[in-house]
Amino acid sequence: MHNQLLEIAKEYGSPLYVYDSETIIGQHQRLTKAFSKVKNLRLNYAVKALSNISILKLFNSLGSGIDTVSIQEVQLGLKAGFKPENIIYTPNGVSLEEIEKVSKLGVQINIDNLSILEQFGTKHPNIPVCIRINPHVMAGGNTNISVGHIDSKFGISIHQIPLILRTVENTKMTINGIHMHTGSDILDIDVFLYASEILFETAKNFDNLDFIDFGSGFKVPYKEGDIETNIEELGKKLSKRFNEFCKDYGKDLTLAFEPGKFLVSEAGVFLAKVNVVKQTTSTVFAQIDSGFNHLIRPMLYGSQHEIINISNPKGRERFYSVVGYICETDTFANNRRISEINEGDVLCFKNAGAYCYSMASNYNSRYRPAEVLVHKGKAQLIRKRETFDDILHNQVEITF
Ligand SMILES: *Cc1c(COP(=O)(O)O)cnc(C)c1O
């Protein structure tokens with residue numbers, strides 16, 4: 001594996017994102033299997049985690065749907081071959097105009113505030129919509145990534161159900177789905193199940209449901225000892241409860257999920273080359289040919305991506321602070337034990353499939369990296385490295 005990655009880095013240059021289709025397919029199968037007792041299961045891959053069109057096509061080939069948060073993601077999905085009915089659109093704070101445009105494309109709309117619900121229902125009472133509920137449950141994680149709590153901007157508060165019902169009655173609109181997304185890190189299955197009960201309770205208020213969407217937030221391990229959502233146990237418990245609910249409800253509803261991280265995080269690595277090893281009075285820096293312009297999660301969320309020196313994997317371990325080349329503090333890892341690093345070595349950052357390339361920028365006027373997908377053992381370029389033309393693209397030069 002390390003050797004293949006080194007070969008790929010040699011061929012396509014650095015910095016570089018490399019994804020492995022087998023891991024994606026494996027995670028997709030794992031989730032499908034965990035919920036095999038549910039008659040109608042719908043997995044909608046959250047596009048924002050990794051939105052390369054070839055990755056979307058891979059998900060389409062697996063029979064997956066997609067979860068989108070912008071009209072551009074919807075357009076990408078359509079271009080990748082997804083049927084509109086296999087796309088759900090879950091925006092937050094987006095204009096009515098954009099929501100109407102997406103709806104015209106035949107995509108399922110998910111509405112997350114009362115103002116838009118009333119306006120949309122008044123203008124389009126015949127288009128069924130899903131509503132995003134905020135159950136005010138924090139399913140673990142830190143405050144950056146837990147979106148179910150009371151101050152969250154996401155969803156319609158569970159305490160506003162009476163007003164939702166009144167709006168539905170007044171506009172004669174149809175609610176065909178109930179949705180929640182409690183945050184990006186479910187540490188505790190019981191917390192998730194607790195939130196699900198709130199969703200079931202809410203669902204009883206609506207007679208025309210087709211599906212209940214439990215969002216995502218499944219946790220994957222980043223470093224040794226990290227907790228991972230026990231999908232198999234969640235599958236067992238939630239499937240049973242869901243099937244009971246469907247019986248009471250009198251209809252086989254669809255159980256939907258929209259995982260991003262779970263499906264692609266572990267499938268990706270980020271490869272960067274060490275430009276400089278710099279010893280200071282207090283530490284040894286390994287400076288790579290990248291920065292938070294390519295991988296911002298460590299700085300934005302404090303994410304600890306495991307780092308392996310694939311040029312010297314068996315070398316003696318030493319302590320390093322791994323930093324970038326951006327004129328800004330861009331620390332990837334502090335005081336990390338890594339096999340001895342020499343200038344020119346290639347470092348491999350793990351868990352780089354989700355929210356890495358999709359959050360990359362051109363800060364410092366640097367090119368965004370290339371992306372490679374390894375499928376059936378073969379490495380294929382799925383995004384070219386940017387060039388100077390990309391930096392200038394859309395810039396308008398005026399004369400003075
Ligand atoms: C980002 C997002 C997801 C995916 O979350 P993960 O933690 O990557 O699984 C799912 N649903 C919605 C509405 C989102 O915004």
Side-chain angles (χ1 to χ4, degrees), residues 19 23-24 27-28 30-31 34-35 42-51 55-56 59 64-74 76-77 87-94 99 102 107-113 129-135 137-148 152-156 177-189 191-192 195-196 199 211-222 226-229 231 234 255-268 296-297 300-301 303 351-359:
Y19 313 114
T23 308
I24 295 175
Q27 289 293 88
H28 189 267
R30 218 181 122 197
L31 201 49
F35 288 88
R42 186 87 231 151
L43 298 183
N44 295 318
Y45 165 62
V47 170
K48 74 179 190 291
L50 175 59
S51 46
I55 298 292
L56 298 185
F59 277 108
S64 170
I66 48 171
D67 175 67
T68 57
V69 294
S70 68
I71 189 168
Q72 290 79 11
E73 284 189 354
V74 172
L76 261 178
I87 303 178
I88 181 165
Y89 174 65
T90 308
N92 171 257
V94 160
I99 293 173
V102 172
V107 167
Q108 171 74 50
I109 304 296
N110 190 358
I111 291 180
D112 101 323
N113 66 81
V129 302
C130 172
I131 45 175
R132 178 172 184 173
I133 298 296
N134 185 342
V137 173
M138 264 213 289
N142 63 42
T143 48
N144 281 337
I145 43 180
S146 300
V147 293
S152 163
K153 67 165 188 164
F154 298 98
I156 305 174
I178 301 279
H179 168 278
M180 72 166 182
H181 174 60
T182 55
S184 254
D185 283 298
I186 298 172
L187 294 174
D188 191 335
I189 287 177
V191 178
F192 192 82
S196 304
L199 214 53
F211 66 95
I212 301 181
D213 189 329
F214 295 84
S216 174
F218 304 133
K219 190 160 170 60
V220 297
Y222 270 63
D226 267 2
I227 305 166
E228 176 180 9
T229 304
I231 290 293
L234 180 68
L255 189 166
F257 279 118
E258 44 194 39
K261 198 185 272 181
F262 180 82
L263 293 170
V264 297
S265 175
E266 293 160 295
I296 201 172
R297 293 181 46 80
L300 195 60
Y301 302 123
S303 311
N351 286 80
Y355 307 107
C356 291
Y357 187 93
S358 61
M359 286 185 158

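Please read all numbers here as calculations on a predicted model, not as lab measurements. Both ligands and their constituent atoms are indexed starting at 1 by order of listing.
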Side chain or backbone, does F262 bring an N or O within less than 3.5 Å of an N or O on ligand 1? no
Ligand 1 contact on A46 by region, counting heavy-atom pairs under 4.0 Å: side chain
Heavy atom of G215, distance to ligand 1 below 4.0 Å: no
Looking only at heavy atoms of F154, does any of them come nearer than 4.0 Å to an atom of ligand 1? no
Quick note on ligand 1: atoms under 4.0 Å from a heavy atom of G217 include exactly 7 (O), 9 (O)
Pair F192-M180, side chain to side chain contact (heavy atoms under 4.5 Å, CB included): steps then yes or no: CA-CA 11 Å; F192 192 82; M180 72 166 182; 4.1 Å; yes
How close do I55 and I24 get, heavy atom to heavy atom, and via which atoms? CD1-CD1, 4.2 Å
Are V47 and F59 packed together at the side-chain level, in the sense that at least one heavy-atom pair is separated by less than 4.5 angstrom? no
Could you tell me which atoms of ligand 1, counted from 1 in the order shown, lie closer than 4.0 angstrom to a heavy atom of D67? 11 (N), 12 (C), 13 (C)
Is E228 salt-bridged to R30, cutoff N-O under 4.0 Å? yes
Nearest option to atom 5 (O) of ligand 1, as decided by whichever heavy atom of F257, F218, Y45, Y355 sits closest: Y355
Under 4.0 Å from one or more heavy atoms of G260, ligand 1 contributes atoms 4 (C), 6 (P), 8 (O), 9 (O)
Heavy-atom closest pair, residues A352 and Y19: O-CE2, 4.0 Å
List the atom of G217, the atom of H181, and the distance in Å for their closest heavy-atom pair. N-CE1, 3.9 Å
K48, R132, H181: member with heavy atom nearest to atom 15 (O) of ligand 1: K48
Is there a nitrogen or oxygen of E258 sitting under 3.5 Å from a nitrogen or oxygen of ligand 1? yes
Any non-hydrogen atom of P259 lying under 4.0 Å from ligand 1? yes
Numbering the atoms of ligand 1 from 1, which are under 4.0 Å from a heavy atom of T90? 13 (C)
Is there a side-chain contact between K48 and S358 in this structure, where contact means two heavy atoms from C-beta onward sitting under 4.5 Å apart? no
Applying a heavy-atom cut-off of 4.0 Å, say which part of N92 lies close to ligand 1: side chain, backbone, both or neither. neither
With a 4.5 Å limit on heavy-atom distance, are the side chains of F257 and F218 in contact? yes
Find the distance between CG (N113) and CG (N134) and round it off to the nearest 0.5 Å. 12.5 Å
Which bit of K261 gets closer than 4.0 Å to ligand 1, counting heavy atoms only: side chain, backbone, both or neither? both
